[in-house]
Number of protein chains: 2
Amino acid sequence: MVTIRDVAKESGFSSTTVSIVLNNAPLARYIPAPTKKRIERAAKKLGYRPNLFARSLRSKRSHTVGVMVFDMTDPYCTLILRGIENSLYQSSYLPILTDVHNEGSRFERYLEMLLDRRIEGLIVLANWLFLDINLLADLEKSSIPTAVIGCELKTDSISSVIVDNELGGHVALEHLHSLGHRKIAFIRGPKTLGDSAPRWKGVRSFAQVNNLELDPRLVVDLPESRDPISGFEDGYKLTEELIKRKRPFTALMAFDDLTAFGAIRALTKAGIRVPEQCSVIGFDDVAPSALYTPPLTTVRQPMEVMGNMTVSIIVDGMNAVLEKKTTGAVHRKVAPELVVRESTRGIL
Amino acid sequence: MVTIRDVAKESGFSSTTVSIVLNNAPLARYIPAPTKKRIERAAKKLGYRPNLFARSLRSKRSHTVGVMVFDMTDPYCTLILRGIENSLYQSSYLPILTDVHNEGSRFERYLEMLLDRRIEGLIVLANWLFLDINLLADLEKSSIPTAVIGCELKTDSISSVIVDNELGGHVALEHLHSLGHRKIAFIRGPKTLGDSAPRWKGVRSFAQVNNLELDPRLVVDLPESRDPISGFEDGYKLTEELIKRKRPFTALMAFDDLTAFGAIRALTKAGIRVPEQCSVIGFDDVAPSALYTPPLTTVRQPMEVMGNMTVSIIVDGMNAVLEKKTTGAVHRKVAPELVVRESTRGIL
DNA sequence: TCCCGAAGTTCGATTTAAATG
DNA sequence: GCATTTAAATCGAACTTCGGG
């Protein structure tokens with residue numbers, strides 16, 4: 001490997017000067033152009049690449065950000081990860097990706113590994129959370145800018161980016177209502193999930209304002225689960241259950257897209273055509289939704305944007321750390337967007 | 001931050017001894033148990049964590065592996081990444097994830113960044129490849145164990161893991177044939193994609209052995225494209241085109257699952273029910289396939305296993321490097337597996 | 001005082017060589 | 001020679017201090 005001393009020898013200057021020139025340090029102001037030229041040429045000639053271990057040892061910087069995903073196989077992650085990756089790339093940080101598999105022990109182990117590597121920032125991608133006080137404390141005293149995506153937080157040490165679930169619920173019901181639907185079934189999220197309550201609140205507030213009656217016999221709840229695929233299976237079962245109740249409905253609002261897929265499957269199996277006989281709306285707009293037959297109408301979380309946003313928050317945080325300033329946590333709630341495709345239709 | 005010297009002071013021994021004890025180095029044989037105890041207790045008491053920058057600077061090891069994905073949004077990636085992550089975790093390596101966005105320049109930039117960080121191994125996830133001689137040369141001389149998933153390679157410096165496409169093509173057609181289908185349409189892969197030819201070869205060989213005639217008017221080719229979603233759109237258009245040709249077919253074999261989704265959409269739009277009037281089979285078994293309506297019959301690539309396998313190859317390679325042995329590249333071709341769901345059905 | 005460059009110290013751990021009883 | 005411990009050199013870059021013009 002070629003070191004800075006090799007460049008020094010080759011160029012005829014000391015390693016100090018080489019360092020100053022190649023890093024364009026403040027002192028480089030004083031160094032005459034010819035000297036710079038010679039050093040730069042020598043560096044290029046030898047193919048010099050500074051040793052990041054050595055550099056990091058001195059500077060205490062790693063230019064690395066930890067990304068912890070609770071479950072990679074959740075389609076919700078993909079676009080967010082893309083957004084994170086892309087923004088990080090712009091800022092010349094590299095991500096270490098860890099997948100916690102929804103296990104607390106794995107979270108702790110990975111967190112330790114990341115801390116050992118002196119990550120400068122941490123992004124956690126979780127739609128539910130088991131972060132207990134201990135872990136929060138660990139992070140707080142480490143003073144590493146941290147942001148969570150998909151989970152509302154009250155702490156002022158950890159930032160958060162989340163979709164406006166209440167607005168989303170509102171928008172979804174508004175869409176069905178505007179199509180003329182009045183008998184609407186709902187598959188709500190698991191009670192333990194933070195998203196569930198606000199989404200339902202949005203639904204209720206729209207219903208109230210518009211004098212829409214919500215039939216409690218058409219409302220069911222997803223059971224708690226950490227497996228992303230179970231939303232599909234449970235959506236299927238709950239829809240079967242709804243059909244069995246013999247309370248007619250012309251539209252169904254699913255907690256998320258996977259649940260909607262399960263619902264469509266169950267409706268289709270029961271001979272109920274979507275959207276001719278029953279409209280279905282999802283939430284999230286994960287990638288497969290656009291490819292589904294019928295293409296799914298849904299409430300989109302702007303996932304890529306949320307990824308970008310999160311990076312910008314922690315980059316700001318990291319810059320603040322570098323300048324020894326302190327910044328409080330930032331909490332962003334982004335507006336969802338109705339995406340009308342073909343799984344919903346007006347009532348004849 | 002607490003350093004090894006703090007531990008030395010606290011325990012009353014020198015930093016040398018502390019290092020020897022905590023790393024359980026060969027010399028630790030000579031160190032009496034009481035000494036070890038005291039050092040370990042001091043370390044624990046202070047919460048000592050060795051500085052990895054310093055350690056890496058000496059040892060020249062990073063315990064880091066680079067993972068380059070050509071396009072994260074390709075659903076093909078997800079499970080493979082999960083397999084990679086999980087195996088890496090077992091081996092205590094951490095992955096740096098980079099997404100090349102199908103751009104050569106981005107590939108080069110990322111490769112440089114990874115090399116600068118002294119990754120000990122590299123995994124490239126590509127279903128097509130623009131690796132030119134230059135990049136290969138770079139990697140060769142760097143002597144970093146490298147493996148490519150999803151692309152057949154001839155080099156003996158870079159390992160590869162790939163599904164047996166020919167067998168897959170064979171298996172898919174065999175399935176349709178066994179269901180009684182004789183008039184079968186084919187959407188083949190883009191000519192420039194390495195997977196396309198062998199899959200078609202498998203199809204042809206099965207047809208030949210079983211005296212099945214392949215009507216060239218029922219065979220169309222996907223155009224070249226780097227965008228994963230385009231498989232869907234092109235599948236849609238090509239299926240419309242096939243329908244327009246008025247050559248009846250009772251089954252359609254799509255190049256991959258996304259193409260199959262597009263085909264199903266087109267068939268449905270044309271009033272042709274799947275599978276009642278036309279069976280459709282895909283390839284890959286990406287996550288959405290099981291959730292589709294109808295659930296997609298497909299030829300599964302064992303993606304998680306392929307990820308595991310690739311890690312085991314490069315871990316072996318990295319161990320060889322540590323022991324200054326040399327190992328040649330490993331090339332693995334794994335068997336796909338037919339997954340029968342509900343998009344295919346026997347002819348009445 | 002301003003400009004240019006270098007010697008020497010530091011970051012924190014590992015390792016070699018050597019000193020002790 | 002042996003068991004036990006350590007001072008000092010090393011890894012490669014960056015920064016502090018200093019000297020000469």
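Chain A is the first sequence line, chain B the second, and so forth, proteins listed ahead of strands; every chain is numbered from 1.
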### Summary
Sorted by chain and residue number, the side chain to side chain donor-acceptor pair (under 3.5 Å) partners of T64(A) (sequence neighbours excluded) come out as R117(B)
### Task
Please identify each residue that fulfils side chain to side chain donor-acceptor pair (under 3.5 Å) with R49(B), with sequence neighbours left out.
D116(A)
### Query
What is the 5' to 3' range of DNA chain D, first to last nucleotide, that sits under 4.0 Å from any heavy atom of chain B?
dA3(D) to dG12(D)
### Query
What residue pairs, at least two apart or across chains, pass side-chain hydrogen bond (donor to acceptor under 3.5 Å, both in side chains) with a residue in residues 307-321 of chain B?
S87(B)-N308(B)
### Query
Mind checking whether T73(A) and P228(A) have side chains closer than 4.5 Å, heavy atoms only?
yes
### Query
Looking just at side-chain N and O atoms, do N24(B) and R29(B) make a donor-acceptor pair shorter than 3.5 Å?
no
### Message
Walk along nucleotides 8-15 of chain C from 5' to 3' and tag each nucleotide B, S or - by protein heavy-atom contact under 4.0 Å, base first, then sugar-phosphate.
### Response
B-BBBBBB
### Message
Regarding E85(B) and H101(A), do their side chains bring together a donor and an acceptor under 3.5 Å, going by distance alone?
### Response
yes
### Message
I'd like to check the side chain to side chain donor-acceptor pair (under 3.5 Å) partners of R118(B); sequence neighbours left out, ordered by chain and number.
### Response
none
### Length of the line joining I31(A):CD1 and dA6(C):C1', which is rounded to integer Å
11 Å
### Message
Quick test of your reading of the model: are E152(B) and K333(B) salt-bridged, counting only N-O distances below 4.0 Å?
### Response
yes
